[in-house]
There are 2 protein chains.
Amino acid sequence: MRFEQLHLFATILSCGSFAAAGRLLHLSQPSITASLNVLEAEVGQRLLERTPGQRRPVRPTAAGEIFATFARKALADYRGMLSAVTLSSDAPQTPVRIGVTPTPGSSLLPVLTNKFREENPTLTVQVKTFRGTELARRLKEGEFDLGVTGTRPQDDGIVFERFFYDPLVLIAPVRMGLSGPITLRELKRLPLIVRDASGNLMRLLIQALNRVGLSLAQMNVVMQVSGNNDVLSSVTLGAGVGFVARSLLAANRENHDIMVVPVRRLQVARYVYMLRRESSSFTGGMRLFWEYAMGTEWREHVFSYNTMML
Amino acid sequence: MRFEQLHLFATILSCGSFAAAGRLLHLSQPSITASLNVLEAEVGQRLLERTPGQRRPVRPTAAGEIFATFARKALADYRGMLSAVTLSSDAPQTPVRIGVTPTPGSSLLPVLTNKFREENPTLTVQVKTFRGTELARRLKEGEFDLGVTGTRPQDDGIVFERFFYDPLVLIAPVRMGLSGPITLRELKRLPLIVRDASGNLMRLLIQALNRVGLSLAQMNVVMQVSGNNDVLSSVTLGAGVGFVARSLLAANRENHDIMVVPVRRLQVARYVYMLRRESSSFTGGMRLFWEYAMGTEWREHVFSYNTMML
DNA sequence: GTCTGTTACGGCGCACGTAACAATT
DNA sequence: AATTGTTACGTGCGCCGTAACAGAC
């Protein structure tokens, strides 16, 4: 029995389906099925009533209920132990210094670090924003300990792990009256607000357009702004439509003036990575933050949608 | 993180050394080292102060203390969950029927079943003793659900797992005045009490003697009895020396009239196996008993020596 | 010599991904 | 058509064993 299995089980329950849990945990559906099967074999009882096809959430059996409470308690104990053990020996608590690129820095990091601080009040977390080109260099120079960016780093000497799926979505003012998925043809005619071409997001957008036979020049670009939040506010004010990271929306979800508009055939996938120097070992705080970010607790409520594409 | 690792860690602590834990858990020393290394890497802290060579027990670090309490609690919770889940669904509790050969039946099973009943008062356990030749057949015929024997079964259709190391040891009356390890030459002259040649233990003894160039005919056999307890009582009464399963001694450890006498170069290793039909699935009680027997809790206090040879 | 724990190396099983499928909405 | 869960199959990593080693009694 592994704690990962407990985590998996708890995730399936809170997600309501194997598939959603798989997306959240970066696992394929078949892996979920297989893992749950071995778990049930190990326990000797069926734990979940599957509901293939039907959109109803999976329901735990009687044994599954017992197991669920056990799993949640064991996971909480585990996190408590990890925290206690880490804090026990690392007597002079070094602060966790985090470097981040603008996009995750304006959406993900605020949520993540706030939740982390709530659960670890004795630790200090410092966040500083850099442009993507500088991030890896400054990380290697030791200016900070952990990096968060949407670009996969090339440098060796840096190890990284994917921990968040954060695609670009098209947002439009509600009063524009768009409904349902629109076609690429319709997209071309909409007034588009974009960021400066130097950033990672714009590069991804252009690539995605190219894949479906479009270029930025063919679009009806009406405005160019400098940051994600600028796109968001411009769209909110009704100036046009624009692409932003989905996480940015979730972090500002009280906004009722805008809506997400799917575009047929156009998908701008994007992952967020956490980086650290290969050479430097974890300090206690670093380890806790890393584990916390990889986990799913902090995503709940704010980023409660499925966090990864298939 | 796996519960097996927690179990390993707890076992190392209670045993006091890697090697002893390895013997108890049927693992090699290098595996213990490796497993503990990955555990410590996972936790991010050194958990045990090693004491190579020195006979002092290994000591947990500060982090190790925290981890130990976590491990013990988690394991207890796990067992509780397993028990609750098993009992939840198996409404009509079928009794666990166990068949056993004479030797383990007179030493191991009484201890094991008593402890098991204490922890699972709602379950009923029925033990019946058979000769080795009948055990497998009756198991396959469904006369009982689990078998316990010192002979490795050949039949297919039966799956088994080794769960106890129970070598033969030479016992002698204290008043005989033997001390320290004796030689094979000295053994040949001692008055020896043996069992009937049909049993598994005698076969093992003869094999072991053959390996060091001796045969039973060369020994000074003064008495032949029919069971293990008969050997024990005869030796206790001072009639001679004899070989008995070590577990039998442990189960009767208040006996101060006899002593164990090591014999140089002579080792009669012997394992005890638990059997079940391959086809039949576990019932709840079966599963609990199987898991309990494989575990180490019931061995403490009574069988507190190392339970497995290298 | 006997016990401890470590390192190096090889094999085998387990866990995961991909692909193709069935079933429900 | 889209989604959910299942089965079949290939692959890579991790666990464990064996062997050889170093250090403390």
Side-chain angles (χ1 to χ4, degrees), chain A residues 1-9 11-13 15-42 46-61 64 161-162 180-181 262 264-265 267 305-306 308-310, chain B residues 1-9 11-13 15-42 46-60 64 161-162 180-181 183 262 264-265 267 305-306 308-310:
Chain A
M1 176 86 47
R2 301 176 322 194
F3 280 82
E4 289 82 358
Q5 294 172 280
L6 306 185
H7 190 191
L8 171 71
F9 185 81
T11 307
I12 295 176
L13 273 191
C15 288
S17 80
F18 288 26
R23 290 189 291 266
L24 192 66
L25 297 175
H26 313 295
L27 293 173
S28 66
Q29 274 168 357
S31 289
I32 305 286
T33 300
S35 297
L36 190 67
N37 282 342
V38 313
L39 181 63
E40 286 176 333
E42 220 165 331
R46 194 162 186 84
L47 298 175
L48 292 180
E49 297 292 350
R50 291 109 216 248
T51 56
Q54 312 155 46
R55 305 297 171 83
R56 304 203 331 269
V58 295
R59 292 168 55 85
T61 63
E161 202 167 328
R162 199 164 73 180
R264 279 195 208 286
R265 298 184 52 212
Q267 246 185 348
Y305 48 75
N306 295 335
M308 181 177 166
M309 72 176 288
L310 222 148
Chain B
M1 177 85 49
R2 301 176 323 197
F3 280 81
E4 289 82 358
Q5 294 172 282
L6 306 186
H7 191 191
L8 171 70
F9 185 81
T11 306
I12 295 176
L13 274 190
C15 288
S17 80
F18 288 27
R23 289 190 290 265
L24 193 65
L25 297 174
H26 314 295
L27 292 173
S28 67
Q29 273 168 357
S31 289
I32 304 288
T33 300
S35 297
L36 190 68
N37 282 343
V38 315
L39 181 63
E40 286 177 333
E42 220 165 330
R46 195 163 186 83
L47 298 175
L48 291 179
E49 297 293 350
R50 277 77 153 175
T51 55
Q54 313 155 46
R55 305 297 171 82
R56 303 202 332 269
V58 295
R59 292 168 55 85
E161 202 168 328
R162 199 164 75 181
T183 62
R264 280 194 208 288
R265 299 183 51 212
Q267 247 184 348
Y305 48 74
N306 294 336
M308 180 177 167
M309 73 175 290
L310 222 150

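Within every chain, numbering begins at 1; the chains are lettered A, B, ... in the order of the sequence lines, protein sequences first and strands thereafter. Everything numeric here is computed off the predicted structure, so don't read it as measured data.
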Euclidean distance, atom NE2 of residue B:H26 to atom C1' of D:dC15 [Å, nearest integer]: 17 Å
Between P of C:dA15 and CD of A:Q5, the distance in whole Å: 7 Å
Over all atoms of both residues, closest heavy-atom pair of B:A20 and B:S17: N-OG, 3.0 Å
Interatomic distance, B:R59 CZ vs C:dT4 P [rounded to whole Å]: 19 Å
Gap between atoms CZ and P, on A:R2 and D:dG14 respectively (whole Å): 12 Å
Pairwise side-chain contact, B:R59 with B:T51, heavy-atom cut-off 4.5 Å (strictly under): no
Could you go over nucleotides 5-9 of chain D and give all protein N or O partners under 3.5 Å, atom names and distances?
unit_1: D:dG5; atom_1: OP1; unit_2: A:F18; atom_2: N; d: 3.2
unit_1: D:dG5; atom_1: OP2; unit_2: A:F18; atom_2: N; d: 2.9
unit_1: D:dG5; atom_1: OP2; unit_2: A:A19; atom_2: N; d: 2.9
unit_1: D:dG5; atom_1: N7; unit_2: A:Q29; atom_2: OE1; d: 3.4
unit_1: D:dT6; atom_1: OP1; unit_2: A:R50; atom_2: NH1; d: 2.8
unit_1: D:dT6; atom_1: OP2; unit_2: A:T33; atom_2: OG1; d: 2.9

Listed nucleotide nearest any side-chain atom of B:V38, set D:dC15, D:dG17, C:dT24: D:dC15
Heavy-atom pair of closest approach, residues B:L47 and B:E40: N-OE2, 2.8 Å
Protein-nucleotide distance (B:R264, atom CZ; C:dG1, atom P), rounded to Å: 12 Å
d(NE2, A:H7; C1', C:dA15) in whole Å: 17 Å
Atom pair distance, as rounded to whole Å: CG in B:L27 and P in C:dG5: 14 Å
Closest to side chain of A:S31, choosing from D:dG17, C:dA15, C:dG17: C:dG17
Heavy-atom side-chain contact between B:L6 and B:F9 under 4.5 Å: no
Separation of atom CE in B:M1 from atom C1' in D:dG14, rounded to whole Å: 16 Å
Reported OG1-to-CG distance for the pair B:T11 and B:L24, which is rounded to 0.5 angstrom: 6.0 Å
Backbone of B:V58 reached by a side-chain donor or acceptor of B:E49 within 3.5 Å: no
